[in-house]
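Quick caveat: nothing in here was measured; it's all calculated off a predicted structure.
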There are 2 protein chains.
Amino acid sequence: MRARHDSGDGEPMLIWERPEPPSRPAPSPLSRERIVRAAIDLADAEGLDAVSLRKVAAALNAGPMRLYGYLSTKQELLDLMVDEVYGEIMAPGPAAEDWRAALRDLAHRTRSAALRHEWFADLLGSRPNLGPNALAFLDASFAALHRAPGLTSLDAALHAGGTVTAYVIGAVRREITELRAERASGMDKTQWQRASGPYLTRMLATGRYPALERAIQADDFPPDPATAFASGLECVLDGIASRVSPES
Amino acid sequence: MRARHDSGDGEPMLIWERPEPPSRPAPSPLSRERIVRAAIDLADAEGLDAVSLRKVAAALNAGPMRLYGYLSTKQELLDLMVDEVYGEIMAPGPAAEDWRAALRDLAHRTRSAALRHEWFADLLGSRPNLGPNALAFLDASFAALHRAPGLTSLDAALHAGGTVTAYVIGAVRREITELRAERASGMDKTQWQRASGPYLTRMLATGRYPALERAIQADDFPPDPATAFASGLECVLDGIASRVSPES
DNA sequence: AGCGGGGACAATACACCGTATCGCCAAAAT
DNA sequence: ATTTTGGCGATACGGTGTATTGTCCCCGCT
């Protein structure tokens, strides 16, 4: 059952272009924008699990069912939230001229958006994102790759874009997950090591993980996540560059 | 409130080494293994959303609360499911000798595991995975990277491993998501294009996405996901190789 | 041998979720 | 002025994860 605005004709009428409910004379106190904003605020403050239609509605002084005039499903709300964050990502100035710089910029903006809205990492890549802002993001990626010198086949461009996107999704996810794990067991990274340390040392003592053991023994403290993300990204970009302009 | 096996002393006693309940003379009909297996079967058949403690317990002819003797939380069950899949991934023969081949092998095995258990993609990277099989996976990664010639700093090895892991997570996620989207709207890829096509064409007609427009116009059909995954992976591996052994 | 206690299991209970349905009331149309 | 309509709130339902309570059986002790 779709929202009541679904005109019912054959065409799918995806959610992003569904019209606002006809603006009432006394301006309707609710709008999809306000709903999405409230949901985002709630998710930022209390996590994605705390986002329930009931709580969002309550934050807007409305009954839960009120929202179904603007959304047909909770999933739709999540999709709109994601697209809103893509909007944040695309908000800043124009793209760089160098394709590499442009892709790097998009990646870092995505990462910082995920740090602002940790729930974004949970949703990243879990559904096809076709909202207008997500499309703008895609467009920016392709535009950047089009500026690459040797990238004639746009088949290759698609591959390249997909590869860096995949890296960004995975890296952001991992980083947020680690961040949460640290926070969960006492705010401090060393404290986290103490927490799961005994278990890990016991596991390592079995001798079944020699390489891991060696890796942890020589524990140079892992560098901050930002540079880890950046260096991994450069690695991926290097790989792309090596096929864009065959090795000099 | 932990499961009843938590010994109560200071040490955390993570879930993977918590002992089975004391084997009763008449062997207990339940075990964590059987629970996890039932949950996996359910998730494979009906999706992750269908995995509820009630349904899992029902599949084992038990009341819902029975499971809390073996698990302290649903999240724990999910963690165990993930580790079980890591077990599948690590099951086949020994690792290749070449570091690149070894990493490639791990990546492809992860992908095929996710294709067998689509819910695995939803859980990938969403939590720190420290189960014995996940550790074995990590160990294999580090072992492979250790075999790389120029990888003296294990700091670099950590970065490299993290980078390819991030790519794999993101790529697998995207692929499963796309697969589901296709399946949701009529099994066929061209059919999917028809489904969201009108919306997309209308969006593109706004002229706000010129690069996207160009990319879609010249629609050489995208290659099958397997080669897309593979080529992206090679791309990442190239990037790593270029820093392992500086350009020849 | 009889009995008491403890522990595994089941049933019940609770708060909350997403969503369908229904009824009311106010505003618009006749 | 009356009727209609449609947006909104309240209520309801089936489901969830989990806490609590009760029951019953089996083991060990007297």
Side-chain angles (χ1 to χ4, degrees), chain A residues 1-8 15 18-32 34-36 38-39 42-43 46-81 119 127, chain B residues 1-8 15 18-32 34-36 38-39 42-43 46-81 119 122-123 127:
Chain A
M1 167 103 32
R2 310 296 304 267
R4 69 174 187 284
H5 303 295
D6 197 333
S7 43
I15 67 173
R18 191 169 314 146
E20 293 279 329
S23 69
R24 304 251 299 302
S28 174
L30 245 52
S31 67
R32 274 219 304 264
R34 293 212 333 136
I35 294 174
V36 171
L42 218 172
E46 308 186 40
L48 193 58
D49 296 336
V51 175
S52 73
L53 295 182
R54 289 168 143 92
K55 287 190 197 145
V56 171
L60 297 163
N61 297 76
M65 284 303 105
R66 183 93 181 276
L67 303 189
Y68 279 85
Y70 305 82
L71 315 161
S72 57
T73 260
K74 180 181 183 180
Q75 184 59 62
E76 212 170 278
L77 174 59
L78 298 182
D79 289 343
L80 291 168
M81 289 167 69
W119 49 270
R127 294 186 36 95
Chain B
M1 167 99 37
R2 308 297 303 267
R4 69 174 187 281
H5 303 294
D6 197 333
S7 45
I15 68 172
R18 192 173 310 149
E20 293 279 331
S23 69
R24 303 250 298 303
S28 174
L30 247 52
S31 67
R32 273 218 304 262
R34 293 215 329 137
I35 294 175
V36 171
L42 218 172
E46 308 186 40
L48 193 58
D49 295 337
V51 176
S52 73
L53 294 183
R54 290 169 142 91
K55 288 190 197 144
V56 171
L60 297 164
N61 298 76
M65 284 303 106
R66 184 92 180 278
L67 303 189
Y68 280 86
Y70 305 83
L71 315 160
S72 57
T73 259
K74 179 180 183 180
Q75 184 60 61
E76 213 170 277
L77 175 59
L78 298 181
D79 289 344
L80 290 169
M81 289 168 69
W119 49 269
D122 299 321
L123 266 25
R127 290 182 43 90

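- Computed from coordinates, the B/Leu67 CG to C/dC9 P distance equals 11 Å when rounded to whole Å.
- Under 4.0 angstrom from either OP1 or OP2 of C/dT19 there lies at least one side-chain N or O belonging to A/Thr73.
- Taken from CG in A/Leu42 to CG in A/Asp49, the straight-line distance is 11.5 Å, to the nearest 0.5 Å.
- As a whole-Å value, the separation of B/Leu71 CG from D/dA19 P is 13 Å.
- A heavy atom closer than 4.0 Å to some atom of DNA chain C occurs in A/Val51, A/Ser52, A/Leu53, A/Arg54, A/Lys55, these being the qualifying members of residues 49-59 of chain A.
- Side-chain contact between A/Leu77 and A/Leu67 is absent, with no heavy atoms from C-beta onward closer than 4.5 Å.
- At D/dT18, one or more side-chain N or O atoms of B/Tyr68 fall inside 4.0 Å of OP1 or OP2 (strictly under the cut-off).
- Checked by atom type and distance alone, the side chain of A/Ser31 pairs as donor or acceptor with a backbone atom of A/Arg34 at under 3.5 Å.
- One can place NZ of B/Lys74 at 12 Å from C1' of D/dT18, the figure rounded to the nearest angstrom.
- Taking CZ from B/Arg54 and CE from B/Met65, the interatomic distance works out to 7.0 Å, rounded to the nearest 0.5 Å.
- Across the protein-nucleic acid pair, A/Glu46 atom CD and C/dC16 atom P stand 13 Å apart, rounded to whole Å.
- Under the side chain to side chain donor-acceptor pair (under 3.5 Å) criterion, B/Arg127 pairs with B/Asp79, sequence neighbours left out.
- A/Tyr68 has its side chain within reach of A/Leu53: a pair of non-hydrogen atoms, C-beta onward, lies under 4.5 Å apart.
- B/Ile35 places its CD1 atom 13 Å from the C1' atom of C/dC9, with the value rounded to the nearest Å.
- You'll find that the side chain of B/Met65 is closest to C/dT12, out of C/dC9, C/dT21, C/dT12.
- Within the 4.5 Å cutoff, no side-chain heavy atoms of A/Ile35 are placed close to those of A/Leu80.
- Counting to the nearest Å, the C1' atom of C/dC9 and the CG atom of B/Asn61 are 14 Å from each other.
- Following rounding to the nearest Å, B/Leu60 (CG) and C/dA10 (P) show an atom-to-atom distance of 11 Å.
- Under 4.0 angstrom from either OP1 or OP2 of D/dG9 there lies at least one side-chain N or O belonging to A/Arg66.
- As a whole-Å value, the separation of B/Leu77 CG from D/dG17 P is 10 Å.
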